[in-house]
There are 2 protein chains.
Amino acid sequence: MTVQQMAQLDSTFSALSDGTRRAIVARLADGETTLSDLAAPFDMSLTAVSKHLRVLSDAGLVDIEKRGRTRHCRLKGAPIKEAVDWLSKYESFWIDRFDALARHLAKEDND
Amino acid sequence: MTVQQMAQLDSTFSALSDGTRRAIVARLADGETTLSDLAAPFDMSLTAVSKHLRVLSDAGLVDIEKRGRTRHCRLKGAPIKEAVDWLSKYESFWIDRFDALARHLAKEDND
DNA sequence: ATTATAGTCAACTAATTGGTTGAGTAAAGT
DNA sequence: ACTTTACTCAACCAATTAGTTGACTATAAT
């Protein structure tokens, strides 16, 4: 694992450790939208949401495109995949026995 | 999603956002061990590692058992599973096309 | 031309984080 | 009995975070 990969995991997990940011991610999974639109449901200033978006953008989780006077944001999957890949190494600790068995059998089928 | 589930995700992702703590998790996946043993590879004080371990413990990621003068730590899978479950909702954003196709075909087979 | 909208930027604040050191405690080894 | 080991605890420090407000810029609508 390279130092950059470590830093990427740092920023991905850190970005996802805030409920507001996870809500933004969830919202963006339903489709691209603007900052104002994203900010509307939250009981905080536009500046605050803009900062959260900046954190997500710095972590590579969202892409922000300036279009006229609006900022259009969309979700990027790569860092999420890396996070899942890392977590998957500990599958044996979190997969329940039934799932584990199912996977084991599925694998045997392919052999 | 309850407020407690949100708080659990907060602390799980936050705990995993630090490289030292991820290294501890990785080490514990290989088996239970003590604090001193965990601390040995790191270039920081035992107190610092103890604090990291406390963060992991508070997040429910590790169990610390006092045994004589040593603390024995082991990894708990439940919070990791919850984190993976949350991330899995955004599967479509991080699964590459090949995987997506494979899954699509596998599903058709079952229909 | 004026006004409203969408957003940035800088400055400030309070709380949290990740580390340190030094002192202390409790268990185990000699 | 003494020493070493395995820690904990409290105090401190510097950096970061999550929020605020007020002033500003740029684009779009009337």
Side-chain angles (χ1 to χ4, degrees), chain A residues 3 6-28 31-75 79, chain B residues 3 6-28 31-74 79 83:
Chain A
V3 71
M6 282 289 281
Q8 179 60 63
L9 285 174
D10 280 9
S11 57
T12 301
F13 283 126
S14 180
L16 295 177
S17 74
D18 180 277
T20 301
R21 287 192 294 262
R22 286 197 306 277
I24 290 174
V25 165
R27 173 71 184 72
L28 288 177
E32 176 182 321
T33 190
T34 67
L35 170 52
S36 308
D37 193 30
L38 278 173
F42 299 107
D43 186 25
M44 67 180 73
S45 67
L46 182 66
T47 301
V49 176
S50 174
K51 281 187 178 187
H52 280 302
L53 209 50
R54 179 84 194 264
V55 172
L56 290 167
S57 163
D58 286 349
L61 283 160
V62 312
D63 229 51
I64 305 178
E65 186 195 342
K66 188 173 174 174
R67 203 182 299 169
R69 67 180 160 176
T70 59
R71 271 50 172 175
H72 292 251
C73 315
R74 62 180 168 289
L75 194 57
Chain B
V3 70
M6 281 289 282
Q8 179 60 64
L9 286 174
D10 280 9
S11 56
T12 301
F13 283 126
S14 181
L16 295 176
S17 74
D18 180 277
T20 301
R21 287 191 295 261
R22 286 196 307 276
I24 290 175
V25 166
R27 173 72 185 72
L28 288 178
E32 176 181 321
T33 190
T34 67
L35 169 52
S36 307
D37 193 31
L38 278 173
F42 299 108
D43 187 25
M44 66 179 73
S45 68
L46 183 66
T47 300
V49 176
S50 175
K51 280 188 179 186
H52 281 302
L53 208 50
R54 179 82 195 266
V55 172
L56 290 167
S57 163
D58 286 349
L61 282 160
V62 314
D63 229 52
I64 305 177
E65 186 194 341
K66 188 173 173 174
R67 203 182 299 169
R69 65 179 160 176
T70 58
R71 271 49 172 178
H72 291 251
C73 315
R74 61 180 168 291

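Here is how names work: the chains are called A, B, and so on, in the same order as the sequence lines, proteins then strands, and each is numbered from 1. Heavy atoms only: backbone and side chains are in, while hydrogens, waters and symmetry mates are out.
- Here K51(B) lies in heavy-atom contact (under 4.0 Å) with a base.
- The CG atom of D18(B) sits 14 Å away from the C1' atom of dT16(C) (whole-angstrom rounding).
- Distance check: E65(A) CD to R74(A) CZ gives 5.5 Å after rounding to the nearest 0.5 Å.
- Taking side-chain N and O atoms only, S50(B) has no distance below 4.0 Å to OP1 or OP2 of dC7(D).
- Each of S36(B) and S17(A) has a nearest nucleotide on DNA chain D; the 5'-most of these lies closest to S36(B).
- In this structure, L46(B) atom CG and dA23(C) atom C1' are separated by 15 Å, rounded to whole Å.
- Between L38(A) atom CG and dA6(C) atom P the separation is 13 Å, expressed in whole Å.
- Here dC9(C) presents its P atom at 7 Å from CZ of R54(A), a figure rounded to the nearest Å.
- Rounding to the nearest 0.5 Å places CG of L35(A) at 13.0 Å from CZ of R54(A).
- Per the geometry, CG belonging to D43(A) stands 17 Å off P belonging to dA18(D), to the nearest Å.
- Between M44(B) and I64(A), the residue whose closest nucleotide on DNA chain C is further toward the 5' end is I64(A).
- Of the possible donor and acceptor atoms, none in the side chain of Q8(B) sits under 3.5 Å from a partner among the backbone N and O of V3(B).
- A distance of 7.5 Å separates OG1 of T33(B) from CG of L28(B), quoted to the nearest 0.5 Å.
- Look at NE2 on H72(A): it is 12 Å from C1' on dT27(D), rounded to the nearest Å.
- The phosphate of dA27(C) (OP1 or OP2) has no side-chain N or O of R67(B) nearer than 4.0 angstrom.
- L53(B) places its CG atom 8 Å from the P atom of dT8(D), with the value rounded to the nearest Å.
- With dG19(C), dC7(D), dC9(D) as the candidates, the nucleotide lying closest to the side chain of T47(B) is dC9(D).
- R21(A) comes within contact range of the sugar-phosphate backbone alone, with a heavy-atom separation under 4.0 Å but no base atom that close.
- Nearest-nucleotide positions on DNA chain D place S45(A) closer to the 5' end than the other of R69(A) and S45(A).
- OP1 or OP2 of dA6(D) has not a single side-chain nitrogen or oxygen of T70(B) nearer than 4.0 Å.
- What separates CG of D37(A) from C1' of dA6(C) is a distance of 12 Å, to the nearest Å.
- The closest donor-acceptor contact from the side chain of R22(B) to the backbone of L16(B) lies under 3.5 Å.
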